[in-house]
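Everything quoted here is computed from the prediction, not taken from an experiment.
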Amino acid sequence: MSESILNALIHLFALVANVNDKKVSDRGRAVVHTYLRQHLDENTASEYLKLFDDYFDFYTRELTETENEGSDSFLLKDQVENICRQINRELHQNDRMIIFLRLLEFVNEDYILTRAENEFVHSVASNFNI
């Protein structure tokens with residue numbers, strides 16, 4: 001898997017983690033780490049996990065700022081569309097399905113699907129033509 005796709009996936013995971021609580025559970029981090037370990041060696045997976053933490057912090061700040069301005073849903077929608085567009089260009093439908101399933105696993109790590117998470121998942125599904 002290319003570096004640009006892995007980067008896009010990490011962005012997606014960080015965005016969806018910010019949809020509700022603006023925190024990542026240990027189980028959520030484990031889902032991301034497991035996914036990375038399937039595609040990368042341990043050192044590289046750890047680097048991408050650190051990147052996930054950085055993106056998560058970035059989106060936390062950005063979404064908090066835009067919430068105050070009342071435009072957080074536009075930023076979120078725009079980011080999701082851009083990331084999905086990049087993934088669509090580089091991956092076949094089967095690979096997008098695997099990414100989508102991992103995203104579902106990440107969203108469902110607490111066994112609760114909130115309205116915001118549901119909208120996020122539907123947006124990704126729509127962008128992936130699922």
Side-chain angles (χ1 to χ4, degrees):
M1 187 172 294
S2 74
E3 185 175 332
S4 63
I5 290 299
L6 280 170
N7 196 22
L9 291 172
I10 298 302
H11 274 284
L12 271 183
F13 286 138
L15 273 169
V16 75
N18 268 287
V19 167
N20 281 327
D21 299 332
K22 303 212 181 338
K23 64 181 180 184
V24 180
S25 71
D26 290 337
R27 283 184 55 133
R29 286 185 100 250
V31 169
V32 174
H33 192 244
T34 300
Y35 181 79
L36 291 171
R37 286 285 319 258
Q38 290 176 345
H39 298 280
L40 306 168
D41 63 72
E42 181 60 41
N43 288 336
T44 309
S46 294
E47 289 175 21
Y48 273 97
L49 195 57
K50 168 82 172 93
L51 186 62
F52 167 76
D53 292 334
D54 292 344
Y55 287 157
F56 175 79
D57 291 340
F58 170 78
Y59 285 123
T60 299
R61 287 190 309 275
E62 288 296 309
L63 291 171
T64 299
E65 287 177 17
T66 57
E67 272 177 8
N68 296 336
E69 299 168 6
S71 62
D72 63 325
S73 62
F74 176 75
L75 173 68
L76 188 64
K77 182 180 180 201
D78 189 45
Q79 288 293 324
V80 169
E81 288 177 359
N82 287 336
I83 294 166
C84 289
R85 192 174 310 116
Q86 179 184 359
I87 292 170
N88 282 337
R89 279 193 306 262
E90 296 188 36
L91 292 180
H92 296 288
Q93 184 68 23
N94 290 344
D95 295 325
R96 291 193 304 258
M97 286 294 292
I98 292 168
I99 291 168
F100 185 71
L101 289 172
R102 287 295 182 184
L103 187 65
L104 287 177
E105 181 182 6
F106 183 82
V107 167
N108 195 42
E109 56 82 25
D110 61 357
Y111 305 107
I112 299 170
L113 182 66
T114 66
R115 186 174 146 250
E117 289 170 332
N118 190 38
E119 289 175 7
F120 187 92
V121 167
H122 279 280
S123 177
V124 172
S126 175
N127 280 287
F128 281 176
N129 298 316
I130 297 175

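- A salt bridge is defined here as a Lys NZ or Arg NE, NH1 or NH2 lying under 4.0 Å from an Asp or Glu carboxylate O, and E105 with R102 meets this definition.
- Distance check: H39 NE2 to L9 CG gives 8.0 Å after rounding to the nearest 0.5 Å.
- Taking the six-membered ring for Trp and thresholds of 30 and 60 degrees, Y59 and H11 have ring planes more than 60 degrees apart, a perpendicular arrangement.
- Rounding to the nearest 0.5 Å places CG of N108 at 12.0 Å from CG of L101.
- Looking at L12 and I87, their side chains come closer than 4.5 Å, going by heavy atoms from C-beta outward.
- With respect to V107, the side chain to side chain contact (heavy atoms under 4.5 Å, CB included) criterion is satisfied by exactly one of T114, V121, I112: V121.
- One finds the CZ atom of R61 at 11.0 Å from the CZ atom of F56 (value rounded to the nearest 0.5 Å).
- Contact check for M97 versus H92: no side-chain heavy atoms found under the 4.5 Å cut-off.
- There is no side-chain donor-acceptor pair under 3.5 Å between R89 and Q86.
- Counting heavy atoms from C-beta on, the side chains of L6 and L51 never come closer than 4.5 Å.
- In this structure, the separation between OG on S123 and CZ on F128 is 10.0 Å, given to the nearest 0.5 Å.
- Between N82 and R85, the side chains place a donor N or O and an acceptor N or O closer than 3.5 Å (distance only, hydrogens not considered).
- At distances below 3.5 Å, at least one donor-acceptor pair connects side-chain atoms of T34 with backbone N or O atoms of A30.
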Chi angles and distances behind the side chain to side chain contact (heavy atoms under 4.5 Å, CB included) call for L15, I83: CA-CA 10 Å; L15 273 169; I83 294 166; 3.6 Å; yes
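- Note that CZ of F100 is 12.0 Å distant from CG of N129, once rounded to the nearest 0.5 Å.
- Here CG of L36 is found 10.0 Å from CZ of R29. Values are rounded to the nearest 0.5 Å.
- Side-chain atoms of L103 and Y35, non-hydrogen and from C-beta on, never get closer than 4.5 Å to each other.
- Considering all non-hydrogen atoms of both residues, L40 and Y48 come closest at CD1-CD1, 3.5 Å.
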